[in-house]
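What follows is a short report on a single structure.
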Protein chains: 2
Amino acid sequence: MTTVEEPARPGGRIRDAARTKAEILDVATQEFARAGYMGARVDEIAARTRTTKRMIYYYFGGKEQLFTAVLERAYSVIRQAEQELDVEHLDPVAAIRRLAELTFDHHEAHPDFIRLVSIENIHEAEHIAASEVLGKLSSPAIEVIRRILEAGRASGLFTADVDAVDLHAMISSFCFFRVANRHTFGALFGRDLVAADQREHYRNMLGDMVIAYLTADRSAD
Amino acid sequence: MTTVEEPARPGGRIRDAARTKAEILDVATQEFARAGYMGARVDEIAARTRTTKRMIYYYFGGKEQLFTAVLERAYSVIRQAEQELDVEHLDPVAAIRRLAELTFDHHEAHPDFIRLVSIENIHEAEHIAASEVLGKLSSPAIEVIRRILEAGRASGLFTADVDAVDLHAMISSFCFFRVANRHTFGALFGRDLVAADQREHYRNMLGDMVIAYLTADRSAD
DNA sequence: TGCGTAATGTACGAACTGGTTCGTTAGTCA
DNA sequence: TGACTAACGAACCAGTTCGTACATTACGCA
């Protein structure tokens with residue numbers, strides 16, 4: 001989330017559509033993530049911006065479209081990260097582990113994004129459905145996983161006939177839950193899943209889990 | 001969720017505190033799960049009840065306490081289910097698989113509960129913290145897992161030195177994600193994780209994953 | 001049977017909230 | 001340089017929303 005922060009020429013208003021839009025999106029991302037879609041206040045977003053509520057409606061049309069724009073930008077950040085995945089030079093086991101760790105790191109680094117996704121699910125993904133952009137572009141990570149899995153099966157390392165999307169779901173589950181349900185889990189089990197000193201532990205646990213699943217001896221089943 | 005449904009004596013109002021309270025909780029559960037905490041409308045809950053908004057404030061004090069009461073009852077349902085866990089007569093591998101499948105089934109059967117938990121996490125578990133009841137009582141499932149893990153390690157079947165709470169988190173992750181993120185995942189990857197004809201597939205996948213993790217050959221690490 | 005209290009219903013209000021109306025200003029291009 | 005338009009601000013409005021004041025009724029018990 002590129003936080004816009006500029007010297008702000010002190011005398012009166014400056015005209016910069018791009019900056020104003022970006023600033024609104026920054027603040028809106030925080031506010032929606034903080035309070036949920038219905039809990040977020042358009043006035044509050046405006047107040048924390050160097051512009052006014054009028055501009056939100058001028059640029060985005062309304063609360064609904066603003067949230068959609070927030071989601072679009074948030075998703076574009078992961079896609080960017082996924083695009084930079086470069087793990088296919090590794091052997092399949094190392095490649096999958098690396099991919100899992102990158103997913104893990106990305107979730108940890110973007111808790112606001114996780115919250116937005118939770119919120120969007122409460123609303124049954126209606127904003128994603130309404131978005132021109134989001135519906136189409138699928139994740140590059142899936143293709144990467146598909147290729148690694150193929151290589152792993154070809155070399156005999158991977159015993160399981162797993163689908164790439166399913167494996168992605170498995171990896172995401174763990175990463176997502178850890179961040180999204182941090183609070184209830186902590187309150188009920190007295191354990192902070194996102195505690196700094198447990199980070200490596202859970203990161204390894206995820207890798208071990210995925211590799212164990214892919215390389216398990218299926219002859220006993 | 002025991003839906004209260006009674007013949008409803010046709011002539012005028014009936015006095016039944018327990019029934020009125022239970023009916024409010026039923027409707028409130030639906031409404032909060034549907035729209036989130038901030039999105040839920042007290043008037044709407046009252047309208048869908050055979051009583052009035054006045055009664056909500058009379059019995060629960062306010063929206064906040066009503067939501068807490070909804071959470072308390074929702075969590076008590078899982079605890080009930082967990083209390084009935086009876087898997088320790090099985091060998092450790094079968095016992096863990098059975099436990100994972102029960103968790104899987106419970107999540108699938110209670111989507112409203114999943115939504116409430118997501119919502120409560122958006123609000124950083126503040127209602128759980130405010131609850132007299134919820135903070136203390138921890139899950140019986142943890143003790144069951146602890147015992148199975150011990151037996152598994154003792155018999156040499158389980159290679160991993162896993163903590164019971166961590167394993168619970170692992171199992172819950174997959175089950176929770178599948179239900180909670182159904183909508184965004186479906187919209188983005190074109191796959192319905194809760195499709196009826198894929199149920200067995202994902203149920204097996206979870207079991208395979210957990211067993212593979214617990215019985216993996218760790219000598220290579 | 002009458003009385004006290006728990007339970008219930010109605011109507012209302014103050015504060016809030018998304019969205020709009022109307023008017024203003026800065027930049028730019030002919 | 002002047003006019004045109006994109007960018008912007010202040011005030012306002014209509015509909016909601018949580019919560020309450022006040023009146024009322026059913027039920028248990030003396």
Side-chain angles (χ1 to χ4, degrees), chain A residues 4 6-32 34-70 119 123 126-127 130, chain B residues 4 6-32 34-70 119 123 126-127 130:
Chain A
V4 178
E6 249 166 79
R9 224 185 303 168
R13 63 186 171 192
I14 317 128
R15 308 214 149 196
D16 190 340
R19 205 226 58 192
T20 301
K21 276 173 89 166
E23 190 177 354
I24 291 171
L25 278 178
D26 281 339
V27 177
T29 299
Q30 291 172 32
E31 173 71 359
F32 280 122
R34 183 186 68 76
Y37 176 72
M38 290 301 272
R41 297 294 164 229
V42 177
D43 281 303
E44 176 66 20
I45 294 170
R48 284 167 49 197
T49 303
R50 266 175 294 178
T51 184
T52 62
K53 187 165 59 156
R54 176 71 182 76
M55 288 297 98
I56 292 173
Y57 287 88
Y58 182 70
Y59 283 122
F60 297 97
K63 190 181 182 182
E64 204 98 20
Q65 295 103 302
L66 176 61
F67 185 66
T68 303
V70 164
I119 292 160
H123 298 282
E126 64 185 23
H127 304 95
Chain B
V4 179
E6 250 166 77
R9 227 183 303 164
R13 62 186 172 193
I14 318 126
R15 303 213 153 196
D16 188 341
R19 205 225 60 194
T20 300
K21 275 173 90 165
E23 189 177 355
I24 291 172
L25 279 177
D26 281 338
V27 177
T29 299
Q30 292 171 30
E31 173 71 1
F32 280 122
R34 184 186 68 77
Y37 176 73
M38 292 300 271
R41 297 297 165 227
V42 178
D43 281 303
E44 176 65 20
I45 295 170
R48 284 167 50 198
T49 303
R50 266 175 294 178
T51 184
T52 63
K53 187 167 56 159
R54 177 72 185 75
M55 287 297 98
I56 293 173
Y57 287 89
Y58 183 69
Y59 284 122
F60 297 96
K63 190 181 181 181
E64 203 99 19
Q65 295 103 301
L66 176 61
F67 185 66
T68 303
V70 163
I119 291 161
H123 298 280
E126 63 184 22
H127 304 94

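The structure displayed is predicted, hence computed values, not measured ones. So you know, we letter chains A, B, ... as the sequences are listed, proteins then strands, and number each from 1.
Distance check: B/Tyr58 OH to B/Thr20 OG1 gives 10.5 Å after rounding to the nearest 0.5 Å. Rounding to the nearest 0.5 Å gives a distance of 6.0 Å between NZ of B/Lys63 and CZ of B/Phe32. The structure places CZ of A/Arg48 at 5.0 Å from CD of A/Gln30, a figure rounded to the nearest 0.5 Å. Interatomic distance, CD1 of A/Ile45 versus OG1 of A/Thr29, reported as 9.0 Å (0.5 Å rounding). A distance of 13.0 Å separates OG1 of A/Thr51 from NZ of A/Lys21, quoted to the nearest 0.5 Å.
For A/Lys63, taking side-chain heavy atoms from C-beta onward, the closest of the listed nucleotides D/dA7, C/dG18, D/dC18 is C/dG18.
The distance from atom CZ of A/Arg50 to atom C1' of D/dG9 is 16 Å, rounded to the nearest whole Å. Note: CD1 (A/Ile24) to P (D/dA7) measures 12 Å, nearest angstrom. Across the protein-nucleic acid pair, A/Ile56 atom CD1 and C/dT17 atom P stand 14 Å apart, rounded to whole Å. Spacing between atom CZ of A/Phe67 and atom C1' of C/dG18 amounts to 17 Å, rounded to whole angstrom units. Rounded to a whole Å, the CZ atom of B/Arg54 is 10 Å from the C1' atom of D/dC22. Taking atom CD of B/Glu31 as the reference point, atom C1' of D/dT17 lies 13 Å away to the nearest angstrom. Between the OH atom of B/Tyr57 and the P atom of C/dC12 there is a distance of 18 Å, given to the nearest Å. In this structure, CD of A/Glu23 is placed 13 Å from C1' of D/dC8, rounded to the nearest angstrom.
For the pair A/Tyr58 and C/dT20, the criterion of a side-chain N or O lying under 4.0 Å from OP1 or OP2 is not met. Side-chain nitrogen and oxygen atoms of B/Thr52 include none within less than 4.0 Å of the OP1 or OP2 phosphate oxygen of C/dT10. The shortest distance between the side-chain N/O atoms of B/Tyr59 and the OP1/OP2 oxygens of C/dT8 is below 4.0 Å. Of the side-chain N and O atoms in B/Thr20, none sit less than 4.0 angstrom from OP1 or OP2 of C/dA7.
A salt bridge does not link A/Glu31 to A/Arg41: none of the charged nitrogens lies less than 4.0 Å from a carboxylate oxygen.
Non-hydrogen atoms lying under 4.0 Å from DNA chain C are contributed by A/Ala40, A/Arg41, A/Val42, A/Asp43, all within residues 36-48 of chain A.
Applying the 3.5 Å distance criterion, the base of C/dG19 shares a donor-acceptor pair with the side chain of A/Lys53.
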Apply ring pair (Phe, Tyr, Trp, His ring centres under 6.0 Å) to B/Phe67 and B/His123, showing your working.
CA-CA 12 Å; B/Phe67 185 66; B/His123 298 280; 7.2 Å; no
